[in-house]
Every structure is written in structure tokens, then in C-alpha cells.
Amino acid sequence: MHNLISYIRNNIKLNLLLFFIIGAIPAAYAEQSAENIIKERQALFSKNYNAAKRVQSLSSKGKLDEAKRLMMEMSENYKKLLTLFPEKTKEGFGTEALPSVWEDKKSFDALMQQSSDRMVELTKTIDKSSDIEVTLKQNMWGSCKSCHSKYRKEH
């Protein structure tokens, strides 16, 4: 009987410790600093801008396979961006996002998803384009402009 009570006590202590640890993990993740989130999204937008310039250059040189790889990378970045606009990142740390991102979050998220989808579609259609520059302007740069005009501070 004494062994059973000792076993139960030790088990309770272990379970309480595990419960505390498991409970603290999501809280720690949820407390990822606003600064880190803002920096991460700024880095992704910057990466997409640089990739778009590279896509433009590669496409004009007929290097469409390389350009398509970058388009797919951009598509994935747009998907990641969907998770990088929590309420706590509305202000500070050099954010250039306008309040309209959170006021009209559904439309903003739809635009990020549409931008991702456009990049995937572009990889499928660019080979058939009679004017690659116009195609990129409409499908790639057009997505950038749509977002900037509505959701980003002027600079």
C-alpha cells in the first residue's frame, strides 16, 4: 500500500510538471514579440520585391524556368504573410502597414491569397505569353500595387 501511495504522489508531481510545461509552450509562442513578427513580414515583402525584380530580368532574357522557380517562392511567401498580421503588430517597430489591414482583414487576407494564386498561375501561362512584360505587369506587379495602394503607408 505504501508503494502505491508513493507511486501516486510521484505520478501527480510529474503530471503537474508536464501540465505546466505543456501549458507554457503555447503561451511562449503566442508571446512572440511584435517586433520579431513585423521584422519577419518586412523581410518577406522585401524578399518578394527582390524576387519580382529578378523574375522581370530573367523573363526578359528568356530564362523562364529560373523565373518560375522564383514565382513559386513568392507564392509561398504570400501564404506565410497571411499569418504575420496579428492584432499586436498594428503599430511600432517601423511597420508600414496601415490600419486598414486589420479593419478589413478579410479583404487583406484574400488579396494575399490571390497574390499567391496569381504567382502559381503565372508559372503556367508565362510560356504562352506574347508579351511577357505586359503579363508580368498585370499579374505580378499588379498584385504588389493593389496591396500597396490600400494597405501600406506611402514612403
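Residue numbers run from 1 in the order of the sequence given.
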Colleague: Mind checking side chain to side chain contact (heavy atoms under 4.5 Å, CB included) for Glu121 and listing every partner two or more places apart, or none if nothing turns up?
Modeller: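 Glu121 satisfies side chain to side chain contact (heavy atoms under 4.5 Å, CB included) with Lys124, Thr125 only.
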
Colleague: Only counting residues at least two apart or in another chain, list the ones meeting side chain to side chain donor-acceptor pair (under 3.5 Å) with Gln113.
Modeller: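 By the side chain to side chain donor-acceptor pair (under 3.5 Å) rule, Gln113 matches Asp117.
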
Colleague: Does Lys145 have more than 12 heavy atoms from other residues, nucleotides or ligands lying within 6.0 Å of its NZ?
Modeller: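 Check fails, neighbour count at 12 or below.
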
Colleague: What are the two closest heavy atoms between Met71 and Ile126, and how far apart are they?
Modeller: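 Looking at all heavy atoms of both residues, the closest pair is CE-CD1, 3.6 Å.
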
Colleague: Between Lys153 and Glu96, does any NZ, NE, NH1 or NH2 come within less than 4.0 Å of an OD or OE carboxylate oxygen?
Modeller: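 So Glu96 does not pair with Lys153 through a salt bridge.
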
Colleague: Mind checking what makes salt bridge (charged side-chain N to carboxylate O under 4.0 Å, His left out) contact with Glu87, not counting sequence neighbours?
Modeller: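 Scan of Glu87 (salt bridge (charged side-chain N to carboxylate O under 4.0 Å, His left out), adjacent residues dropped) gives Lys90.
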
Colleague: Just jot down the side chain to side chain donor-acceptor pair (under 3.5 Å) partners of Lys80, sequence neighbours excluded, or say none.
Modeller: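 By the side chain to side chain donor-acceptor pair (under 3.5 Å) rule, Lys80 matches no residue at all.
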
Colleague: Working to the nearest 0.5 angstrom, can you tell me the gap between Asp109 CG and Gln114 CD?
Modeller: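 Result: 12.5 Å between the selected atoms.
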
Colleague: My understanding is that only residues two or more places apart in sequence, or in another chain, count here; which of them pass side chain to side chain contact (heavy atoms under 4.5 Å, CB included) with Thr135?
Modeller: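 Thr135: side chain to side chain contact (heavy atoms under 4.5 Å, CB included) contacts with Leu122, Ser129, Asn139.
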
Colleague: Hey, any chance Leu44 and Met72 share a hydrophobic cluster, counting ILVMFWY side chains that come within less than 4.5 Å of each other, even indirectly?
Modeller: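 No, Leu44 and Met72 fall in different hydrophobic clusters.
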
Colleague: Look at the side chain of Thr123 and the backbone N and O of Val120, then say whether any donor-acceptor pair between them is shorter than 3.5 Å.
Modeller: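 Indeed, once roles are kept as given, a pair shorter than 3.5 Å links the two residues.
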
Colleague: In terms of hydrophobic clusters joined by side-chain contacts under 4.5 Å, are Leu64 and Met74 together?
Modeller: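 The answer is yes; both residues are in one hydrophobic cluster.
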
Colleague: Please enumerate all residues that pass side chain to side chain contact (heavy atoms under 4.5 Å, CB included) together with Lys150, with sequence neighbours excluded.
Modeller: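 Partners of Lys150 under the side chain to side chain contact (heavy atoms under 4.5 Å, CB included) test: Asp104.
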
Colleague: What pairs with Lys39 under side chain to side chain donor-acceptor pair (under 3.5 Å), at least two apart in sequence or on another chain?
Modeller: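 Partners of Lys39 under the side chain to side chain donor-acceptor pair (under 3.5 Å) test: Glu35.
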
Colleague: If a pair satisfies ring-ring contact (aromatic ring centres under 6.0 Å, His included) and one of its residues is in residues 107-137, list it, with sequence neighbours excluded.
Modeller: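 Matches after skipping sequence neighbours: Phe85-Phe108, Phe108-Tyr151.
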
Colleague: Say you draw a straight line from CG of Leu70 to OG of Ser75; how long is it, rounded to the nearest 0.5 Å?
Modeller: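 It is 12.5 Å, given to the nearest 0.5 Å.
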
Colleague: Drop me the distance from Ser115's OG to Leu81's CG, to the nearest 0.5 angstrom.
Modeller: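 The CG atom of Leu81 is 9.5 Å from OG of Ser115, to the nearest 0.5 Å.
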
Colleague: Which pairs, with at least one residue in residues 58-72 and sequence neighbours excluded, count as a salt bridge (Lys or Arg N to Asp or Glu O under 4.0 Å)?
Modeller: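 Every pair satisfying salt bridge (Lys or Arg N to Asp or Glu O under 4.0 Å) with a residue in residues 58-72: Lys68-Asp127, Arg69-Glu73.
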
Colleague: Using atom types as modelled, flag every donor-acceptor pair under 3.5 Å from a side chain in residues 50-59 to any protein atom, sequence neighbours excluded.
Modeller:
unit_1: Asn50; atom_1: ND2; unit_2: Ser46; atom_2: O; d: 3.3
unit_1: Gln56; atom_1: OE1; unit_2: Trp141; atom_2: NE1; d: 2.7
unit_1: Ser59; atom_1: OG; unit_2: Val55; atom_2: O; d: 2.8

Colleague: Test of understanding: with side chain to side chain donor-acceptor pair (under 3.5 Å), list the residues that count as partners of Glu76, not counting sequence neighbours.
Modeller: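 Partners of Glu76 under the side chain to side chain donor-acceptor pair (under 3.5 Å) test: Lys79.
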
Colleague: Residues two or more places apart in sequence or in another chain: which of them pass side chain to side chain contact (heavy atoms under 4.5 Å, CB included) with Thr89?
Modeller: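 In terms of side chain to side chain contact (heavy atoms under 4.5 Å, CB included), with neighbours along the sequence ignored, Thr89 is linked to Ala34, Ile37, Ile38, Arg41, Pro86, Trp102.
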
Colleague: Flag yes if Val101 and Tyr49 sit in one hydrophobic cluster, no otherwise; membership is Ile, Leu, Val, Met, Phe, Trp, Tyr, and two members link when side-chain heavy atoms are under 4.5 Å apart.
Modeller: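 In one cluster with Val101: Tyr49, yes.
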
Colleague: Checking Ser33 side chain against Asn36 main chain: does a donor-acceptor pair fall under 3.5 Å?
Modeller: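 It does hold such a pair.
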
